[in-house]
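Down below is the structure, laid out as structure tokens.
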Amino acid sequence: NEDTGVYFSFEYLEDEIEEDEIESFAQFNQNYFRPHYFALEAEPELAAFIEYFGCSVSDPQIDGIEEDTYSSEMFLRGWNNGNRAAYSIMLNSGKRPEEIYFRPTAELEAIWRWNYARKASGHAEGEDLFVPKIMFASLSGELKTYCVWPDAAQIPMPKTDLVLAIRRELAPKKIFRRKVDDFCFIEQAELEGLLPNFEPNSSMPTRKPHSEESMDSIRKFVRGRIPHQGGITGISLDNVLNSEYR
């Protein structure tokens, strides 16, 4: 899922079956040493697969599904236990990654829920809004969350550490030169009083799209920002792990 960073696979293994009573065999695989929400997103897909094809289940996970009938609760229990064990092994061995990032479980789940629902949210109630994805970046060695804000557009904005303002129409014009697209980072605190206040949301606090009446002052603010120098070191969502599992 490009929005959430979650991935898993089903593999059909008909040629590898040795037991005559099994007509066909599919293997579900999802890596450990991942954020906990990987299992939350995979579980409904796994359950639907099993129900559609009428599969019985064999779960090799410790504390996983005990019988041959699928159980959501037992699958999550087994995967979470295995995932925690993988954290312990990876973080206390020579296989520990050179750069590793952590955020609290509640925050990671809120980010996942926002990203998972963002496209549907953009089409809610007949609207067709761009809903930005929440992403991670390393700035001066510090992990930050951010979302994209293109040309001060009227969009819902989640509560991230930073806002990445993309400037195309609003890029400052150089003397005797054309405008050059650029971007700048804005602290959320700088937007207080300029954009609507954060309101409760099902996943995380959100600013509603700003009004037409405030467009001139917002555009002026964004246009006047100093552009960010250098690139952005993006951190993929699957590389930001649960801090409680350390």
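We're numbering straight along the sequence, starting at 1.
- The local environment of NZ in K144 is crowded, with over 12 non-hydrogen atoms from other residues, nucleotides or ligands closer than 6.0 Å.
- Ionic pairing of D182 and R167 is present here: one or more N-O contacts between side-chain nitrogen and carboxylate oxygen are shorter than 4.0 angstrom.
- When each of I111, L241, L143 is paired with R103, the side chain to side chain contact (heavy atoms under 4.5 Å, CB included) condition holds for L143 and for no other.
- Closest of all the heavy-atom pairs between Y37 and L237 is OH-O, 3.5 Å.
- Remark: E2 does not engage K119 in a salt bridge, criterion side-chain N to carboxylate O under 4.0 Å.
- Residues I186 and R225 are in side-chain contact: their nearest non-hydrogen atoms beyond the backbone lie under 4.5 Å apart.
- Side-chain contacts under 4.5 Å among hydrophobic residues (ILVMFWY), followed directly or transitively, place I232 together with M135, L139, Y146, V148, L162, L164, I166, F183, F185.
- Taking the six-membered ring for Trp and the full ring otherwise, F8 and F28 have centroids separated by under 6.0 Å.
- Ion pairing between R207 and E192 holds under the 4.0 Å rule for side-chain N and carboxylate O.
- Smallest separation of non-hydrogen atoms from R223 and E169: NH2-O, 4.4 Å.
- Surrounding CD of E67 are at most 12 heavy atoms belonging to other residues, nucleotides or ligands under 6.0 Å away.
- Of the possible polar contacts, none joining the S236 side chain to the G234 backbone as a donor-acceptor pair under 3.5 Å is found.
- Of the N and O atoms on the side chains of Q61 and Y32, at least one donor lies less than 3.5 Å from an acceptor on the other residue.
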Audit row: V6, Q30, side chain to side chain contact (heavy atoms under 4.5 Å, CB included) steps and yes/no
CA-CA 9 Å; V6 173; Q30 184 165 55; 4.0 Å; yes
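- Using a cut-off of 4.0 Å between Lys/Arg side-chain N and Asp/Glu carboxylate O, R84 and D63 are scored as not salt-bridged.
- Residues F49 and F10 bring their aromatic ring centres within 6.0 Å.
- A side chain to side chain contact (heavy atoms under 4.5 Å, CB included) with W79 holds for exactly one of L76, N83, N81; it is N83.
- In the displayed structure, N29 atom CG is contacted under 6.0 Å by more than 12 heavy atoms of other residues, nucleotides or ligands.
- Using a distance-only test at 3.5 Å, with no hydrogens or angles considered, no donor-acceptor pair links the side chain of D68 to the main chain of S56.
- Minimum heavy-atom separation, C147 to P132: CB-CB, 3.9 Å.
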